[in-house]
Undergrad: 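My questions will all concern the structure given below.
We use all heavy atoms of the structure for the numbers below, so side chains are in, but hydrogens, waters and symmetry mates are not.
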Amino acid sequence: MLFDLDLIKSVYEKMPDRVSKARKNVGKALTLSEKILYSHLSIEEKGTTFQRGADYVNFAPDRVAMQDATAQMALLQFMNAGKSKVAVPSTVHCDHLIQAFAGADKDLEDAKLQNNEVYNFLQTVSNKYGIGFWKPGAGIIHQVVLENYAFPGGMMIGTDSHTVNAGGLGMVAIGVGGADAVDVMAGMPWELKMPKLIGVKLTGKLSGWVSPKDIILKVAGILTVKGGTGAIVEYFGEGADALSCTGKGTICNMGAEIGATTSIFAYDQNMSNYLRHTGREQVADLADVVIADLRSDNEVYQNPEAYYDQLIEINLSELKPYINGPFTPDLAHEIGDFAKAVKENNYPQTLEVGLIGSCTNSSYEDLSRAASLAKQAKEKNLKVKAEFVVTPGSELVRYTTERDGILKEFEDIGGVIMANACGPCIGQWKRHTDDPDRKNSIITSFNRNFAKRNDGNPNTHGFVASPELVTAMAIAGDMCFNPMTDTLVNEDGVEVRLEEPSGLEFPPNGFDMKDSGYISPNSDDQKVVVEVKNDSERLQLLYPFKEWDGQDFKNLNLLIKAKGKCTTDHISMAGPWLRYRGHLDNISNNMLIGAVNFFNEETNSIFNPIADNYSEVPATARALKAEGIGTLVVGDENYGEGSSREHAAMEPRHLGVQVVIVRSFARIHETNLKKQGVLALTFSDKGDYEKIQEKDKIDVIGLTDFAPEKPLKLRIHHEDGTSDEILANHTYNQAQIEWFKAGSALNLIRKQNN
């Protein structure tokens with residue numbers, strides 16, 4: 001099925017004129033990112049040129065994509081927006097709620113039984129409001145989007161941080177919170193600070209054991225988990241054009257791990273080939289006509305230093321395979337140095353599980369290259385030493401790889417094929433283990449490896465590598481194994497070496513499948529009734545948050561001062577909590593339970609002034625809220641990095657948190673807090689973080705004159721009677737201040753629609 005052809009035609013018809021006008025207004029040549037951004041300005045946007053990293057801009061995205069975990073809350077909010085149908089093409093993808101355990105068929109059957117209420121809700125709401133629905137088992141949202149919806153030069157937002165995957169097909173695709181999705185689905189302009197631009201020039205060509213995954217693993221090591229914050233990373237050069245479209249998608253996918261707004265590649269022959277192989281020949285034909293506008297201007301390529309805020313150059317001919325981790329995706333190790341790192345840091349050397357697939361690396365090319373190693377292991381009489389798990393990204397890829405014998409190669413060496421879903425990548429993994437708390441090592445081709453991310457065990461050392469390298473390591477069962485130099489002893493006692501992996505970009509007999517899993521919405525939406533049971537533990541209708549009372553905040557209690565890394569996984573864990581994504585009160589029982597309390601260095605243990613003892617974070621917040629006492633959360637650097645889950649903002653709001661002040665924010669989380677009416681602040685002097693004491697009461701002064709670029713003051717009252725006064729910065733513009741005053745962005749939308 002070909003989707004959105006009329007929309008794509010419209011974008012391409014308007015693009016040349018819009019790009020030309022933007023080039024004239026800016027007064028110089030344009031990068032690809034600028035061409036797409038300027039050609040997607042909202043009609044309500046008054047500006048013509050914008051300063052990167054400074055100006056907030058209103059955009060009009062072409063479409064919205066939602067995964068089932070975040071779609072629940074997004075659609076519950078949309079139901080309160082006063083609209084009868086979505087204003088732009090939108091889809092829901094059921095990929096997050098399927099737990100990996102026994103294998104694809106059994107796990108999918110169990111998921112349908114366990115999540116029947118949620119799936120019915122999502123399908124019914126989608127039907128009523130004109131949203132495309134992809135059933136459980138159809139595939140992971142980002143792979144399905146790449147195969148069906150992504151198009152060069154388009155702009156999309158999605159309620160998942162790895163929406164950026166679509167940059168592999170030349171699209172500005174950005175992960176957002178559900179409230180942002182509600183804005184766009186309601187026909188409102190979508191606001192974003194004009195991103196800075198980081199250029200990555202790729203020269204040379206990949207070979208041997210090196211894969212596209214190694215490019216982003218190296219970039220993550222260079223930029224770190226926050227180095228891309230507020231920026232679009234744009235890849236270009238001969239090396240970029242030589243990469244497969246799905247390889248480009250892998251790189252863009254993990255751009256979320258460096259904090260980038262998104263990542264993107266220019267339209268080229270490999271993208272055209274991918275469109276044609278996935279049944280979108282007409283889109284490729286249209287893109288070919290406007291190819292000049294789907295690539296940066298020649299002047300940019302000739303003199304990139306003059307057009308990017310930062311420039312990185314990587315020679316792919318010199319690139320080595322990488323293994324990143326543990327506990328953070330930016331701890332980069334070249335394969336030749338990794339064994340030393342394992343021994344020096346006392347990482348568990350025995351590899352227990354190798355996992356490949358996910359939204360990051362589950363293309364036909366990925367799986368065929370990994371399967372070439374599995375085939376070698378069988379032929380060389382090697383016994384696989386680690387457990388081996390394979391997660392296809394979509395039914396299109398799964399069906400085709402099964403037909404072509406690729407999945408059988410994995411099964412022949414003991415691999416277990418899981419459902420086309422996120423599974424272990426997001427903690428939906430019922431792991432086979434004799435001790436769920438034991439120190440151990442796993443290696444994946446996924447994107448994230450924070451503590452507890454995959455299996456809930458803080459002692460699991462998660463490492464990230466390419467599917468080929470993961471497969472080789474699983475065969476060896478040894479974290480110190482280097483397949484480029486080391487040999488293995490087979491069942492006959494003979495030393496053998498794994499040869500370089502090989503694979504195919506596209507299936508020789510084309511892609512195929514029996515059932516895509518797509519359900520189109522009913523044209524007669526008036527007959528569709530959406531029901532949510534009052535006693536449901538999974539779903540709960542939403543009620544508006546209270547408006548600001550017009551006064552400064554006084555005597556807020558410190559709820560928690562989080563120490564060090566505090567991701568959205570720490571603020572609102574996934575795993576078993578995914579079942580409550582549609583029930584705000586129930587899921588709020590996981591609020592900040594993973595954050596480390598600065599004062600006792602424990603998790604989920606903070607001072608409760610009501611009970612005068614230490615208790616769990618959600619229980620303390622509920623006790624303070626019941627007494628009418630507002631609270632404040634303090635965080636460290638890059639607070640809220642990770643998945644774009646708005647629950648990490650809605651839960652604090654629901655449980656009475658009025659302010660979050662940190663040393664620095666991750667972009668999506670800061671916006672999510674603003675959308676939900678939580679005051680998001682940063683320390684003007686980062687050293688002031690140290691001034692916050694455990695039993696402080698805090699006033700926020702200056703809200704009655706709240707204005708853009710005007711700092712607020714915090715007066716901190718300590719238990720010993722002393723006090724401190726500090727400055728707090730914010731990034732609110734006037735529109736966002738109106739969200740705060742209304743109590744939330746949704747409150748404001750509803751007012752405007754009534």
Side-chain angles (χ1 to χ4, degrees), residues 65-72 91-116 118-119 122-123 132-148 158-163 165 249 253 353 355-364 366-367 388-402 407 410 415-432 444-448 453-456 467 513-519 538 574-579 581-582 643 645:
M66 297 168 281
Q67 41 96 332
D68 50 356
T70 49
Q72 295 171 62
T91 51
V92 168
H93 303 258
C94 296
D95 61 358
H96 271 56
L97 300 179
I98 302 168
Q99 187 179 52
F101 175 59
D105 293 341
K106 181 65 166 61
D107 293 346
L108 185 57
E109 180 184 344
D110 289 346
K112 289 177 179 178
L113 288 173
Q114 295 164 5
N115 304 309
N116 182 60
V118 172
Y119 292 148
L122 291 174
Q123 184 176 343
F133 181 77
W134 291 81
K135 297 186 295 186
I140 304 173
I141 176 173
H142 312 302
Q143 184 70 21
V144 172
V145 165
L146 196 73
E147 293 167 357
N148 294 277
T159 61
D160 188 282
S161 56
H162 294 104
T163 299
N165 188 81
N253 182 293
V353 192
L355 305 101
I356 66 169
S358 83
C359 67
T360 320
N361 278 110
S362 58
S363 67
Y364 189 91
D366 287 329
L367 295 183
F388 190 46
V389 176
V390 181
T391 305
S394 70
E395 180 58 15
L396 185 73
V397 169
R398 188 211 65 79
Y399 185 92
T400 306
T401 52
E402 182 180 54
L407 297 187
F410 297 133
V416 178
I417 312 301
M418 295 299 180
N420 312 322
C422 301
C425 185
I426 59 160
Q428 282 284 56
W429 183 23
K430 189 177 180 182
R431 184 175 172 184
H432 304 277
T444 81
S445 70
F446 305 161
N447 41 45
R448 292 207 170 123
R453 170 75 177 182
N454 302 119
D455 61 1
M513 62 180 161
K514 296 300 183 186
D515 178 11
S516 70
Y518 175 73
I519 300 176
R538 301 288 300 274
W577 292 96
L578 284 174
R579 67 182 286 101
R581 282 291 181 86
S643 299
R645 61 186 65 130

Undergrad: If you apply the rule side chain to side chain donor-acceptor pair (under 3.5 Å), what do you find for R538 with N115, and how did you get there?
TA: CA-CA 9 Å; R538 301 288 300 274; N115 304 309; 2.9 Å; yes
Undergrad: Rounded at 0.5 Å granularity, tell me how far CD1 in I141 sits from SG in C359.
TA: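 Rounded to the nearest 0.5 Å, the CD1-SG separation comes to 9.5 Å.
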Undergrad: Rounded to the nearest 0.5 Å, what separates atom CD1 in I417 from atom CG in L367?
TA: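 The CD1 atom of I417 sits 8.5 Å away from the CG atom of L367.
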Undergrad: Tell me, do R579 and L97 make a side-chain contact under 4.5 Å, heavy atoms counted?
TA: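 They are not in side-chain contact.
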Undergrad: Would a distance-only check, ignoring hydrogens and angles, find a side-chain to backbone donor-acceptor pair under 3.5 Å from T159 to T70?
TA: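 Side chain of T159 to backbone of T70: no pair is present.
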Undergrad: Examine distances only and state if a side-chain atom of Q428 and a backbone atom of H96 form a donor-acceptor pair shorter than 3.5 Å.
TA: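 Yes, Q428 side chain to H96 backbone: donor-acceptor pair under 3.5 Å.
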Undergrad: Could you grab the distance from atom NE2 of H162 to atom SG of C422, nearest 0.5 Å is fine?
TA: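 Atom-to-atom, H162:NE2 and C422:SG are 10.0 Å apart.
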Undergrad: When you look at L355 and F388, which way does the side chain to side chain contact (heavy atoms under 4.5 Å, CB included) test go after all the steps?
TA: CA-CA 6 Å; L355 305 101; F388 190 46; over 6 Å; no
Undergrad: List the atom of S363, the atom of V397, and the distance in Å for their closest heavy-atom pair.
TA: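 Closest heavy-atom pair between S363 and V397: C-CG1, 4.2 Å.
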Undergrad: Take I98 and K112 through the side chain to side chain contact (heavy atoms under 4.5 Å, CB included) test and state the conclusion after the steps.
TA: CA-CA 8 Å; I98 302 168; K112 289 177 179 178; over 6 Å; no
Undergrad: Going by atom types only, do Q67 and H93 share a side-chain donor-acceptor pair under 3.5 Å?
TA: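 The criterion, which ignores hydrogens and geometry beyond distance, is not satisfied for H93 and Q67.
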Undergrad: Do F446 and R453 come within less than 4.5 Å of each other through their side chains, counting heavy atoms only?
TA: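 With C-beta onward as the side chain, the pair stays apart.
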Undergrad: Hey, can you tell me if W134 and Y518 have their rings parallel, tilted or perpendicular (30° and 60° cut-offs)?
TA: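 Tilted.
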Undergrad: Within the structure provided, determine whether S394 and E147 are in side-chain contact (heavy-atom separation under 4.5 Å).
TA: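 Of all side-chain heavy-atom pairs linking E147 with S394, at least one is under 4.5 Å.
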Undergrad: Please report the interatomic distance CZ(R398) to OH(Y364), rounded to the nearest 0.5 Å.
TA: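 Output value for this atom pair is 13.5 Å.
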Undergrad: Should D68 and D95 count as side-chain neighbours, where that means a heavy-atom distance under 4.5 Å?
TA: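 With C-beta onward as the side chain, the pair touches.
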Undergrad: Report yes or no: does H432 contribute a side-chain atom to a donor-acceptor pair with the main-chain N or O of F101 at less than 3.5 Å?
TA: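 Pair found, side chain donor or acceptor close to backbone of F101.
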Undergrad: Could you give the distance from CD1 (I519) to SG (C94), rounded to the nearest 0.5 Å?
TA: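 So the gap between those two atoms works out to 9.0 Å.
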Undergrad: Counting only heavy atoms not in D105, do more than 12 fall under 6.0 Å of its CG?
TA: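 Counting other residues, nucleotides and ligands, CG of D105 stays at 12 neighbours or fewer.
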Undergrad: Within the 4.5 Å heavy-atom criterion, are S516 and E395 side-chain neighbours or not?
TA: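 Counting from C-beta outward, S516 and E395 never come under 4.5 Å.
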Undergrad: Kindly give the heavy-atom pair with the smallest separation between G357 and S445, and that separation in Å.
TA: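 So the two residues come closest at N-OG, 3.0 Å.
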Undergrad: Quick one: does C425's side chain get under 4.5 Å of T444's, heavy atoms only?
TA: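 A side-chain contact is absent here, since even the closest heavy-atom pair is not under 4.5 Å.
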Undergrad: Under a 3.5 Å distance rule, please check whether D107 uses its side chain to pair with a backbone N or O of A102 as donor and acceptor.
TA: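 Yes; judged by distance alone, with no hydrogens or angles, the pair exists.
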Undergrad: Please step through side chain to side chain contact (heavy atoms under 4.5 Å, CB included) for the pair K135 and D515, ending with a clear verdict.
TA: CA-CA 10 Å; K135 297 186 295 186; D515 178 11; 3.4 Å; yes
Undergrad: Kindly say whether G582 contributes a backbone atom to a donor-acceptor pair with the side chain of Q72 at under 3.5 angstrom?
TA: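 Indeed, once roles are kept as given, a pair shorter than 3.5 Å links the two residues.
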Undergrad: Would you tell me whether D160 and T163 have side-chain atoms, one donor and one acceptor, within less than 3.5 Å of each other?
TA: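 On atom types as modelled, these side chains do not qualify, holding no pair under 3.5 Å.
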Undergrad: Could you tell me which non-hydrogen atom of A138 sits nearest to which non-hydrogen atom of V144, and how far apart they are?
TA: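 A138 and V144 have their closest heavy atoms at O-CG2, 3.9 Å.
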Undergrad: Please find the pair of heavy atoms, one from A100 and one from G423, that lie closest to each other, and give the distance.
TA: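 Between these two residues, the closest heavy atoms are CB-CA, 4.4 Å.
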Undergrad: For the residue pair T391 and I356, establish whether any side-chain heavy-atom pair is separated by less than 4.5 Å.
TA: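 The answer is no, as the side chains (C-beta and beyond) never meet within the 4.5 Å cut-off.
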Undergrad: Measure from the side-chain N and O atoms of N420 to the backbone N and O of G137, and report whether any donor-acceptor pair falls under 3.5 Å.
TA: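 Present.
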Undergrad: When rounded to the nearest 0.5 angstrom, what distance separates OG in S362 from NE2 in H142?
TA: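 Between S362 OG and H142 NE2, I get 10.5 Å after rounding to 0.5 Å.
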Undergrad: Heavy atoms, side chains only, cut-off 4.5 Å: are T91 and F133 in contact?
TA: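 They are not in contact (no side-chain heavy atoms under 4.5 Å apart), so the answer is no.
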Undergrad: Of the non-hydrogen atoms in M66 and A71, which two are nearest, and what is the gap between them?
TA: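 Closest pair (atom of M66, atom of A71, distance): CB-CB, 3.7 Å.
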Undergrad: Please walk me through it: do V390 and V416 pass side chain to side chain contact (heavy atoms under 4.5 Å, CB included)?
TA: CA-CA 6 Å; V390 181; V416 178; over 6 Å; no
Undergrad: Is there a donor in the side chain of R448 and an acceptor in the side chain of S161, or the other way round, less than 3.5 Å apart?
TA: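 Yes, because at least one side-chain N or O of R448 sits under 3.5 Å from a partner of the opposite role on S161.
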Undergrad: For G249, is there any backbone N or O sitting under 3.5 Å from a side-chain donor or acceptor partner on N253?
TA: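 Checking the backbone N and O of G249 against the side chain of N253, no donor-acceptor pair under 3.5 Å is found.
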